[in-house]
Protein chains: 2
Amino acid sequence: MSSQNPSMPRARIGRRPGAESTRQAVLQAARARFAGDGFAATTIRRIATDAGVDPSQVMQFFGSKDELFATVMAIPPSALHRFDTAFEGPGEHLGERVVRAYLEAWEGPAEESEPLMAMLRGAIVNQHANTQLRDFIQSRLTHGMHGRGDEAILRAGLAAAMLVGIITSQRIIGVPALVATDKETLVRTIGPAIQQLLAGDR
Amino acid sequence: MSSQNPSMPRARIGRRPGAESTRQAVLQAARARFAGDGFAATTIRRIATDAGVDPSQVMQFFGSKDELFATVMAIPPSALHRFDTAFEGPGEHLGERVVRAYLEAWEGPAEESEPLMAMLRGAIVNQHANTQLRDFIQSRLTHGMHGRGDEAILRAGLAAAMLVGIITSQRIIGVPALVATDKETLVRTIGPAIQQLLAGDR
DNA sequence: GGCACTTCTCAACAAGTGTTGAGTTATTCG
DNA sequence: CGAATAACTCAACACTTGTTGAGAAGTGCC
């Protein structure tokens, strides 16, 4: 009716956001806390304090703790790309490539690794995280196994479960032997086992 | 000073425990809840209701929620025996034996599987559980690798981490492909990979 | 019976949580 | 300027949690 198109986002009216975009600061603080302390141990008040913001503003921006967590947990496209490309290319060193993709995804920059860590830490206590991790294990590796039968899907799922177990043991449980070992040694040691599991030969 | 030896447990004096030994009922209810709902989601009040007992009595018996959890989480000797014996015998089918030992430990009777499940579910949020799972992964498989060098210990830890990952994916995350597969198929599929990881050959 | 001892009951506390609503301040448009 | 709009602040609510303390009730020993 007016001169403005209602389907377009309204022009920014009203008070402008504070220094350095508060919303971004909250999201960043939430990501770090959820990744480091888990869903249950992380409080809205703590996130607000970290971001230098009032707790009620966190709610105003994200609606609820669950919605904020869901936003944080969204797997960034760059991480998905890592897993997808690991399956492309020759099958010879497939195992090592997949192992490396996993390990690197969890040690990458914060914007990429923290959502994955938050998902892992939250999977036991939060419904969203549980579903997301389930789909991640079931479909991510499966993606490279299209049209190769049920056994191939099972083997891919098993490999994913194993790698998630290794990440968990290293970064959450803190098993000394895994913490002390560098990435390339892990790749060299685990790679062949995953390779054989995915290929199905002996 | 008296006619009673103070180093011996005092003879039972006072009011006798209620029907079916209340303490046992509480312990059983706690085990089931901690294993099924995890540490954080389990409340003293809920355990007390399940056991048909007043919440304050749970505290009187076990001191605190943490102590009750620690009691529940104690790995039963029969489960430890499972893992120990898996390493004895010929190295030929070592992989399959170890895999089977893990899978069976988590699907055994409640007194054996629930403490393990409680440990797994609590490892992210509870300090005791975290430490216990860490020691479990680090030392249980290590136990069969004595005196074979650091690489053997690393390989054993990696295998344990992988198997814990598979149990977690199947029984906590609920990955469809793993839930739908029977135990022997899993043993046959994973066994060779674990075998190769433990042996270190290719 | 009287005493010591244990089990059990009841009600409450202190702390922390997510969440809400009203009110204040800043910014842009007419 | 003044109205509209958004960002921000403050204080409180409703609820759940682990935990506590005082007392009632049962049971064996003198």
Would you indicate which nucleotide in C:dC8, C:dA12, C:dT19 comes nearest to any side-chain atom of A:K65?
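The closest nucleotide is C:dT19.
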What's the closest nucleotide to the B:Q60 side chain, out of C:dC8, D:dC8, C:dT19?
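My answer, after comparing the listed nucleotides, is C:dC8.
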Using a heavy-atom cut-off of under 4.0 Å over every strand shown, decide if A:S56 touches base, sugar-phosphate, or nothing.
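Touches a base.
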So what does B:F62 hit on the nucleic acid, given a heavy-atom distance under 4.0 Å: a base, only sugar-phosphate, or nothing?
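The residue B:F62 makes no contact with any strand.
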[X] has an atom [atom1]; how far is it from atom [atom2] of [N], in whole Å?
X: B:F61; N: C:dT9; atom1: CZ; atom2: P; answer: 10 Å
X: A:Q24; N: D:dA7; atom1: CD; atom2: P; answer: 14 Å
X: A:R46; N: C:dG18; atom1: CZ; atom2: C1'; answer: 17 Å
X: B:Q57; N: D:dG21; atom1: CD; atom2: P; answer: 17 Å
X: A:R45; N: C:dT20; atom1: CZ; atom2: C1'; answer: 12 Å
X: A:I44; N: C:dT17; atom1: CD1; atom2: P; answer: 11 Å
X: B:M59; N: C:dT7; atom1: CE; atom2: C1'; answer: 17 Å
X: B:D54; N: D:dA24; atom1: CG; atom2: P; answer: 16 Å

Pi-cation contact, A:F62 with A:R23 (under 6.0 Å, within 45°)
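Verdict for A:F62: a cation-pi partner in A:R23.
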Can you see whether B:S64 engages B:D66 through a side-chain donor-acceptor pair at a distance of less than 3.5 angstrom?
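B:S64 vs B:D66: no donor-acceptor pair found between side chains.
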It should be established whether B:T22 places a side-chain nitrogen or oxygen under 4.0 Å from OP1 or OP2 of nucleotide C:dC8.
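Yes.
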Pair A:R155 + A:E151: basic N to acidic O under 4.0 Å
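Here A:R155 pairs with A:E151 in a salt bridge, since their nearest N and O are under 4.0 Å apart.
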Should we say atom CD of B:E96 is surrounded by more than 12 heavy atoms from elsewhere, each under 6.0 Å from it?
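Enclosed: over 12 neighbouring heavy atoms sit under 6.0 Å from CD of B:E96.
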